[in-house]
Amino acid sequence: MWGYHLRNRQGQRYRASQLPPPYPVGLPAQSRRCSPSLPATAPRLKDISQGNLNMSFDHRKYRPAPVIALTDRQWPNRVLERAPLWCAVDLRDGNQALVEPMTVAQKLQMWALMVHVGFKHIEVGFPAASQPDFDFVRELIERDLIPEDVTIQVLVQAREDLIARTFESLKGAKRAIVHVYNSVNPTQRNYVFNSGKEGVKAIAVQGARWVRDHAARNPGTEWSFQYSPESFSSTEVEFAVEVCDAVIDEWRPAGRPMILNLPATVEVSTPNVFADQVEWFCRHLKARPEVSISIHTHNDRGCGVAAAELAVLAGADRIEGTLLGNGERTGNMDIVTMAMNLYSQGIDPELDLSDMDAIVATVGACTQIALHPRHPYAGELVYTAFSGSHQDAIRKSLAAEKPDAYWDVAYLPIDPADLGRSYEAVIRINSQSGKGGVTYLLERDLGLQLPRWLQIDFSRRVQAQAEASSSEISPEQIRALFEQHYLEPVHGYRIGRFQLGHDSQESLRLELQTPNGTLHLSGEGEGAITALVNGWERQTGMHIDVLDYSEHALTAGTESRAAAYVLLSVDGQRMCGVAIGRDVVNASLQAVINGAAQIEALRQTA
């Protein structure tokens with residue numbers, strides 16, 4: 001379905017059933033899937049290409065976001081060296097974005113997860129805005145669920161009645177951050193508040209004063225103050241500094257820790273522009289040494305994590321976000337992604353994300369939002385390779401890994417085991433897969449070390465099955481396919497008792513079980529395999545050349561079984577023989593029989 005509303009020449013919007021199919025009009029009917037006939041009034045590609053449709057998709061209604069002339073910017077020359085202080089806002093910003101807000105039980109489950117992960121600042125709600133938020137804050141305090149090293153944070157608008165209610169919800173808390181905010185950007189000044197800069201600044205100052213005064217009336221709690229000039233990213237940066245300096249002037253006499261939170265409430269520019277705004281702000285804020293600079297980005301342009309990372313380079317100390325990025329519209333900055341980005345660079349994120357599956361499950365249960373399988377670090381498929389060349393590179397890199405070396409595996413920026421994932425999901429097979437992935441799975445599951453010629457032969461069989469089924473092939477199916485084509489005695493040809501002699505040449509006497517009864521083969525050669533080939537040629541009249549041969553033990557120890565692989569030319573046709581036996585000789589002889597018997601079986605059925 002097209003991404004905009006299509007209308008006919010009379011301006012009427014098409015119903016869904018009238019929309020064009022997702023293929024070019026004019027393809028033969030037999031090449032289409034589910035191809036209903038188009039109504040005569042349906043738009044054609046020619047109409048679209050010639051601009052004959054009534055569309056509202058017009059870039060000229062927009063203008064670029066302003067940029068700052070910061071020619072001596074310093075953030076591009078810096079590198080991330082340590083984790084910022086994290087503040088999780090899942091219980092407030094994340095919760096308000098849900099179709100069905102969390103229940104108290106779900107909030108407690110999310111709270112327990114965030115404490116376990118290691119957050120030290122957790123925004124727990126907007127207690128003045130709703131009774132459920134108020135009750136949840138009270139439950140945390142009254143049940144003594146807040147660890148000694150965790151500080152809760154609550155949000156409130158710069159209104160006296162709401163601020164009073166907020167402090168009421170916090171009675172008895174050991175420590176708390178009161179986070180007050182008001183919008184300061186031109187759009188809200190002009191259309192929401194109908195006020196100039198001085199009026200909006202006065203709202204911020206008065207709100208700061210109310211927070212300070214209510215804190216003074218409740219001396220039993222260790223208070224911290226936080227102010228957000230909402231929509232900072234859309235505000236004149238000079239004005240944002242002016243407002244924040246005025247707020248700090250109100251708070252300074254109280255001697256409380258202070259945080260200035262700079263939100264990209266709506267992401268309107270590229271991350272580098274936001275970083276310039278943050279650096280300019282930090283440079284010009286008079287009270288910079290007295291405050292912690294916090295960042296709160298959203299993902300409207302898909303760059304929430306990048307903007308937060310560059311903001312830290314630009315001088316920020318603290319990052320607000322949510323686990324896996326839930327939040328208004330396109331979501332909040334994903335703390336999991338940013339923390340794992342640090343982790344992948346050898347920097348301690350100071351969060352424990354080792355049980356990623358539990359994090360994904362808990363967040364999903366509480367938000368009722370399923371995680372995309374390609375979500376960075378956490379998605380089901382992010383450590384999975386379907387491409388044949390990728391699979392081969394992963395297999396070879398894993399084989400070369402040394403225990404004490406830095407992680408250096410192709411296509412895997414981190415070790416999946418660090419997040420509680422196993423290598424079972426790293427390589428998965430479909431029609432796009434090659435020999436590398438198949439080889440890895442067989443080595444992992446059966447201990448088989450396939451030679452290259454066998455890798456190629458078997459991968460073709462796997463690809464054919466994947467194409468026939470149009471689906472992914474499971475490891476169980478791959479093992480069954482390998483056993484069916486290579487390990488099972490071909491049409492009942494199985495070696496029985498045999499005896500090797502050692503004179504000037506190896507001599508072999510062997511009983512071979514066949515569909516037609518028992519054959520007694522005898523032959524001579526430089527080894528057991530050549531002796532068997534000699535005996536088979538005498539019996540069948542076939543000419544056999546051994547083109548390649550390899551074997552290995554499946555496990556360590558004297559009781560280990562063995563695997564053998566032989567590439568034969570049987571009357572000019574190449575055949576692969578594979579077998580697993582109680583020892584190398586047994587496996588090698590059965591492998592030759594499995595390869596040669598394929599031609600014999602074909603002749604008998606011809």
Side-chain angles (χ1 to χ4, degrees), residues 83-103 106-126 129 133 136 150-155 177 179 181 226 228 230 233 259 261-267 294-309 311-312 316 318-343 349-353 355-372 375-379 419:
L85 175 61
W86 306 105
C87 177
V89 298
D90 302 71
L91 294 169
R92 201 278 307 168
D93 215 3
N95 187 53
Q96 76 175 24
L98 298 176
V99 175
E100 295 183 11
M102 290 182 238
T103 63
Q106 289 171 325
K107 286 183 178 181
L108 288 173
Q109 188 179 5
M110 184 70 80
W111 166 264
L113 172 66
M114 292 186 291
V115 170
H116 175 77
V117 166
F119 288 101
K120 304 307 178 187
H121 286 185
I122 302 175
E123 191 166 79
V124 293
F126 197 149
D133 273 19
F136 179 67
V150 173
T151 302
I152 60 172
Q153 173 175 304
V154 293
L155 185 70
I177 301 168
H179 179 188
Y181 75 96
Q226 176 170 322
S228 287
E230 190 185 16
S233 56
I259 302 168
N261 186 54
L262 307 181
T265 310
V266 177
E267 188 178 36
S294 179
I295 298 297
H296 181 113
T297 58
H298 279 258
N299 210 38
D300 297 272
R301 294 167 53 95
C303 300
V305 169
E309 289 176 330
V312 173
R318 180 179 184 265
I319 296 294
E320 294 188 349
T322 60
L323 288 169
L324 304 176
N326 173 49
E328 292 281 12
R329 302 179 309 281
T330 56
N332 283 62
M333 198 284 302
D334 177 13
I335 289 181
V336 168
T337 298
M338 183 170 173
M340 289 306 305
N341 285 352
L342 294 172
Y343 182 84
E350 300 180 17
L351 296 174
D352 181 2
L353 303 173
D355 194 351
M356 189 62 74
D357 286 343
I359 294 171
V360 171
T362 301
V363 173
C366 293
T367 64
Q368 302 181 59
I369 297 175
L371 188 72
H372 194 284
H375 191 101
Y377 298 106
L419 301 182

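Model, not experiment: these values are computed from the prediction. Computed over heavy atoms, backbone and side chain alike; hydrogens, waters and symmetry mates excluded.
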Run the side-chain contact (heavy atoms from CB on, under 4.5 Å) test on Ile369 and Val99 for me, step by step, so that the C-alpha distance in whole Å, both residues' side-chain angles and the decisive distance to 0.1 Å come before the verdict. CA-CA 10 Å; Ile369 297 175; Val99 175; over 6 Å; no

Has Tyr343 got more than 12 heavy atoms of other residues, nucleotides or ligands less than 6.0 Å from its OH? no

Report the distance from atom CG of Asp93 to atom SG of Cys87, rounding to the nearest 0.5 Å. 10.0 Å

His179: which residues meet the ring pair (Phe, Tyr, Trp, His ring centres under 6.0 Å) condition with it, sequence neighbours left out? none

Treating Thr330 as the side-chain partner and Asn299 as the backbone partner, does any N or O pair qualify as donor plus acceptor under 3.5 Å? yes

Check Ala308 against Met333 and note the closest heavy-atom contact, atom names and distance. CB-CG, 3.9 Å

Should Val124 and Trp111 be marked as a side-chain contact (heavy atoms from CB on, under 4.5 Å) after you check the CA-CA gap, both sets of side-chain angles, and the distance that decides it? CA-CA 8 Å; Val124 293; Trp111 166 264; 3.6 Å; yes

Rounded to the nearest 0.5 Å, how far apart are CD1 of Ile259 and CG of Leu262? 11.5 Å

Could you give me the CA-CA distance, side-chain angles and deciding distance for Asp355 and His116, then say whether side chain to side chain donor-acceptor pair (under 3.5 Å) is met? CA-CA 11 Å; Asp355 194 351; His116 175 77; over 6 Å; no

side-chain contact (heavy atoms from CB on, under 4.5 Å) for Leu324 and Ile335? Distances and angles first, verdict last. CA-CA 7 Å; Leu324 304 176; Ile335 289 181; over 6 Å; no

Would a distance-only check, ignoring hydrogens and angles, find a side-chain to backbone donor-acceptor pair under 3.5 Å from Glu320 to Ser294? no

For the pair Glu350 (side chain) and Ala83 (backbone), establish whether a donor and an acceptor sit closer than 3.5 Å, ignoring hydrogens and angles. no

Check against side-chain contact (heavy atoms from CB on, under 4.5 Å), Met110 and Thr367: CA-CA 9 Å; Met110 184 70 80; Thr367 64; 4.3 Å; yes

With no hydrogens and no angle check, just 3.5 Å: does a side-chain donor-acceptor pair link Asn332 and His296? yes

So CZ of Arg92 and CD of Gln153: to nearest 0.5 Å the spacing works out to 8.5 Å

Given side chains that start at C-beta, do those of Leu113 and Val363 come closer than 4.5 Å, heavy atoms only? yes

Can you tell me which residue among Leu91, Thr103, Asn95 is in a side-chain contact (heavy atoms from CB on, under 4.5 Å) with Phe136? Leu91

With no hydrogens and no angle check, is any side-chain donor or acceptor of Asp90 less than 3.5 Å from a backbone partner on Leu323? yes

With sequence neighbours excluded, tell me which residues meet salt bridge (Lys or Arg N to Asp or Glu O under 4.0 Å) with Asp133. Lys107

Which distance, rounded to the nearest 0.5 Å, do you find between the NE2 of His375 and the CE of Met356? 8.5 Å

Nearest 0.5 angstrom please: Met102 CE to Gln368 CD, how far? 10.0 Å

Establish, from distance only, whether the side-chain atoms of Asn341 and Glu309 form a donor-acceptor pair under 3.5 Å. yes

Are any of the side-chain heavy atoms of Met340 and Leu353 separated by less than 4.5 Å? yes

Who pairs with Glu328 by side chain to side chain donor-acceptor pair (under 3.5 Å), at least two apart in sequence or on another chain? Gln96

Over all heavy atoms of both residues, which pair between Pro376 and Thr337 is shortest? Give the atoms and the distance, please. CB-OG1, 3.8 Å

Are side-chain N/O atoms of Tyr181 and Asn261 paired as donor and acceptor at under 3.5 Å? no

